[in-house]
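Every value quoted in this text rests on a predicted model; they were computed, and no experiment measured them. Here is how names work: the chains are called A, B, and so on, in the same order as the sequence lines, proteins then strands, and each is numbered from 1.
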Amino acid sequence: MCEKCEYNFKKLEEKWQPKWREMKLYKTNEDPNKKKFYCLDFFPYPSGNGLSVGHLRNYVPTDVVSRLKRMQGYNVLHPMGWDAFGLPAENFAIKQGVHPAVTTEKNASNYRRQLSLVECSYDWEREINSTDPDYYRWTQWFFLLLYKRGLAYKAAGAQWWCPNCRTILANEQVEQGRCWRCEGLVEKKDLNQWFFKITDYADRLIDDLKLINWPDRIKKMQENWIGKSKGAEVNFRAKSPTTGEEFDLPIFTTRVDTIFGVTFMTLAPEHKLVEKLTHPDNKASVEAYIAESRKKSEIDRLSTEKEKTGVPLGSYAINPFNGEMIPIYIGDYVLAGYGTGAVMAVPAHDERDFAFAKKHNINVIEVITPEGKPQGELKEAYTEYGTLINSAQFNGLRSEQAIEKMIEWLEENKKGCGRINYKFRDWLISRQRYWGAPIPIVHCDCCGTVPVPEDQLPVLLPNISEFKPGTDGKSPLAAITDWVNTTCPKCGKPAKRETDTMDGFACSSWYFLRFVSPKYKEFAFDKEKVKYWAPVDLYVGGAEHAVMHLLYARFWTKVMYDAGLIPFVEPFQQLRNQGMMLAAGGVKMSKSKNNVITPDEMVEKYGADTLRAFILFLGTFELEVSWSDEGIKGMYRFVKRVYDLICEFQGGDEKAEGKEAQNLKKILNYTIKQVTTDIENFSFNTAIARLMELTNAMVDATKKTNLAKTTLWKEVVEKMLLLLAPITPFIAEELWEVTGHKGSVHQQSWPTYDEKALEESNITLPVQVNGKLRDQIELPANVDEATARKAAEASEKVKKYLDGMQVVKFIFVPKRMISFVVKPAK
RNA sequence: GCGAGGAUGGCGGAACUGGUAGACGCGCUAGACUUAGGAUCUAGUGUUUCGCGACGUGCGGGUUCAAGUCCCGCUCUUCGCACCA
């Protein structure tokens, strides 16, 4: 073998990378004559740790699909940018003692370098950065759009506060009572905060899930998070034991059919009417209970295991349906933030109420029965639907009908109404942190809350050195008096800027539109280009953003649609979530465990082609996989094997004939067919397995046949290189040149296969007797049933099992199998 | 508790509308070439048996000529939500 043909990945990378850069291989322009394909990765935050090979499970597959689509003739938009605002970037900067703008730039360029190392085919001229004023100018513009449409508002209330990160968090960013970033316990804090009214879009966010090709899992997660439930609001009537004042006490229930079984009521300890409804005799115990539940950590309070506790207020409420007086309790298992913060309790038909009633000796009244007959004393709550009893005029109705009739009754008698409740809350976007897009609002003593006029955007983030969060619940920006003090855009009098910044998820709610015209000055995006490119056709990233980014971006898209800015309602047509990459042994890769594998070291050791192919081959795309040092060696062997094989055997002018030629042709066509559909279906591991099979068949042919000197061989090599191009771009390009082709392999058309070549004249058919495989016989592919049967019966191995037996059934599945069902003959 | 997955050799994983289970790779075994090999090549590799064969896709039933695949009942496991009335 000549020196030129020695596989040296480093030389190939050094040779081709500059050439590809020079020819701007990945530059993307609009082309109305070509079908577009927008392939996007989740907007990454460029972490100071750099990329690990785990991240490549996201970036390599999208790169392969992008390359395939280009070769298939699509105009592909495959961009990359940085979601660099937000807590993680700022925390990292604080830790390093360097301004976040500096660390962000450094980290981004490191990411860019690493992604280029494995030759991800991004058009880097479209790179964007959410911390760039030319970018966040438009994030602020969208804030104003939401504000003008009544979808951004400021409100006071108890909200999640992370004492460690010293900022308020959105509900979506609190996991099991802990901060999503630092994992510290969160607490509630009363602050005046900015919200986006995402709840206005609840129904559309659920309904439009039908329009998109996303994993069911993610759709379900969003649906559950939104938590739509249909029920009724019922006004109980209560009277203050101290003032004698009477008022409505509304509750929300999904089971109004059980209302004749209500024997008590529970309010959240934070409920506004608790004080008015507390009898002087109960005051001490009620206050003690409230103090106690305040003290409990949110984790304790959220625990479902915990016993349901509560104390009576000493007052009563009247059930509008039957005029019964029922005692009112407070209990911390009732959530202040859901429904009305008060529940009617039906021990007979709710597990919690049942337990509570048993403990406090409260009546249990059965009103729903499975069979229409009372069950007598209940040992546990019966929570299913059933037939009503003990319910006056509603007796005998099924729960479903009863709910309808009772809501009608409520509405006629003005005692309540049908109501829909949602579990999710409005999106809280205020952050008391420095590193974010400033909220473009001015507070004026005369004019109140005044939006910054669009032509004054961006409201620049001042460049300061003291950006650590304060302890006073205020953003560090509040201390920059030069910046805070401004004039009111409306009346011109002195006014103060809003000092909170926006949640980083605001930036990522529209970034996919910026890529279509990243340098556009007139607006956030060029509307014509959006029409061409958007929405995103394929969106790939981790599943952890199911109810954060993916929900927020859908919400903003709908707002933009309503404002007439874009012609579609869903941003991401198809979504795919890659599985996690664990370290060898199935443990998480982490810096602290010192088991992180970087692309840098693997590219150095095995080359980019091997690393790319191995990432794809490791396992099923969606599932978790573990890194394997041995495995990547195997992939290196494959890459080298292909390289050596094609260097050595490049075909000739002889004509390929005979069975072996036919067979190789068949394998080639089968490989083209499978690799194409496998990549399209994200089954990258089997695509590579098929390429390995083709390689094995070729190696075999070099040993056993003369095919390597034929024109067929030339065709096989050429098509194989095209199939390899998206996966192993370097050897594909080098071998393309070595085999005498002109131009870049990456600018060729994807090969097509010949369906006829896949058909075989002869096939091997399994023969079963009573479901057991007994022989395999070779027959013409289009053999008819009678001939097949005769051939099968002629087989010695089969005969053995047919002798002395009576064939009760014969099954022939063309191209599949032959099967006899027999029983002993008499 | 609710929701969505997963369970197949020593390991990662294949298997289309039910139709030869274990593709492909790793590892392992033997051999070849080598001063050597953790390089490369060849052969083998689900269990069991000398062999014919028998048994094998988490467990227990069922449907079928035929089940990893379909149905019923479980176990374990991963993830998300979690007192939502």
Side-chain angles (χ1 to χ4, degrees), chain A residues 175-177 215-225 227-229 231 251-256 258 265-266 268 301-308 331-335 337-346 349-353 355 383 421-424 543-544 546-547 579-580 584 586 613-614 617-620 622-635 637-638 640-641 644 674 677 683 685-693 695-696 699 703 764-776 797 800 807-811 813 815-822:
Chain A
E175 296 164 349
Q176 316 274 317
D216 285 340
R217 188 166 67 103
I218 303 289
K219 289 190 183 183
K220 276 273 185 267
M221 276 165 80
Q222 293 209 345
E223 228 180 286
N224 291 343
W225 184 261
K228 182 175 184 171
S229 74
I251 57 95
F252 173 73
T253 179
T254 53
R255 290 299 301 274
V256 67
T258 65
M265 175 183 283
T266 312
R301 225 186 126 172
L302 285 170
S303 166
T304 47
E305 309 301 319
K306 207 196 61 172
E307 196 188 347
K308 314 296 175 249
D332 64 9
Y333 68 93
V334 176
L335 304 172
Y338 183 74
T340 63
V343 299
M344 67 178 209
V346 186
H349 306 295
D350 181 278
E351 281 166 30
R352 290 158 306 186
D353 299 344
T383 59
N421 259 322
Y422 300 93
K423 284 187 203 166
F424 83 151
E544 67 274 10
V547 294
M580 270 225 287
F614 182 59
F617 188 64
L618 249 176
T620 311
E622 280 86 0
L623 302 181
E624 205 172 75
V625 294
S626 300
W627 180 260
S628 157
D629 285 323
E630 291 306 318
I632 193 167
K633 286 182 195 165
M635 186 54 70
R637 276 199 282 272
F638 168 68
K640 182 170 167 13
R641 203 163 131 92
D644 292 347
Q674 289 302 311
T677 55
S683 183
N685 51 341
T686 53
I688 291 174
R690 298 292 88 84
L691 286 164
M692 287 171 164
E693 281 169 343
T695 308
N696 292 345
V699 169
K703 288 176 180 155
T764 308
L765 279 176
V767 184
Q768 293 183 357
V769 181
N770 281 356
K772 302 249 188 238
L773 178 70
R774 295 305 177 190
D775 197 12
Q776 298 176 44
K797 288 183 188 167
K800 229 167 78 183
V807 177
V808 256
K809 201 169 178 185
F810 176 77
I811 298 131
V813 185
K815 294 184 186 176
R816 284 263 179 235
M817 60 148 13
I818 298 164
S819 181
F820 294 92
V821 185
V822 299

Interface polar pairs with nucleotides 41-48 of chain B, N/O, under 3.5 angstrom:
residue, atom, partner, partner atom, Å
B:C41, O3', A:K703, NZ, 3.1
B:U42, OP1, A:K703, NZ, 2.5

Dump every N/O contact between nucleotides 19-21 of chain B and the protein below 3.5 Å, one line per pair.
residue, atom, partner, partner atom, Å
B:U20, O2, A:Q776, OE1, 3.3
B:U20, O2, A:Q776, NE2, 3.1
B:U20, N3, A:Q776, OE1, 3.3

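Contact annotation: A:T620 side-chain N/O to B:A14 OP1/OP2 distance is under 4.0 Å. Taking only side-chain nitrogens and oxygens, A:R352 comes nearer than 4.0 Å to OP1 or OP2 of B:C84. The phosphate of B:A85 (OP1 or OP2) has no side-chain N or O of A:T266 nearer than 4.0 angstrom. Close to B:A14, at under 4.0 Å from its OP1 or OP2, lies a side-chain N or O of A:N685. In this model, the phosphate group of B:C84 is not approached by any side-chain N or O of A:K423 to a distance below 4.0 Å at OP1 or OP2. Distances shown here put every side-chain N or O of A:K815 at or beyond 4.0 Å from the OP1 or OP2 atom of B:C16.
Comparing A:Y338 and A:R217 by the nucleotide of RNA chain B that holds the closest heavy atom to each, the one mapping nearer the 5' end is A:R217. Each of A:V769 and A:E175 was assigned the nucleotide of RNA chain B with the nearest heavy atom; the assignment lying further toward the 5' end belongs to A:V769.
In this structure, the nucleotide among B:A85, B:G53, B:A23 sitting nearest to the side chain of A:R774 is B:G53.
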Map every base of RNA chain B to its dot-bracket character, where paired means a Watson-Crick or G-U wobble contact with both distances under 3.5 Å and | marks a partner outside the strand.
-> (((((((..(((......[....)))((((((.......))))))(((....)))..(((((..]....))))))))))))....
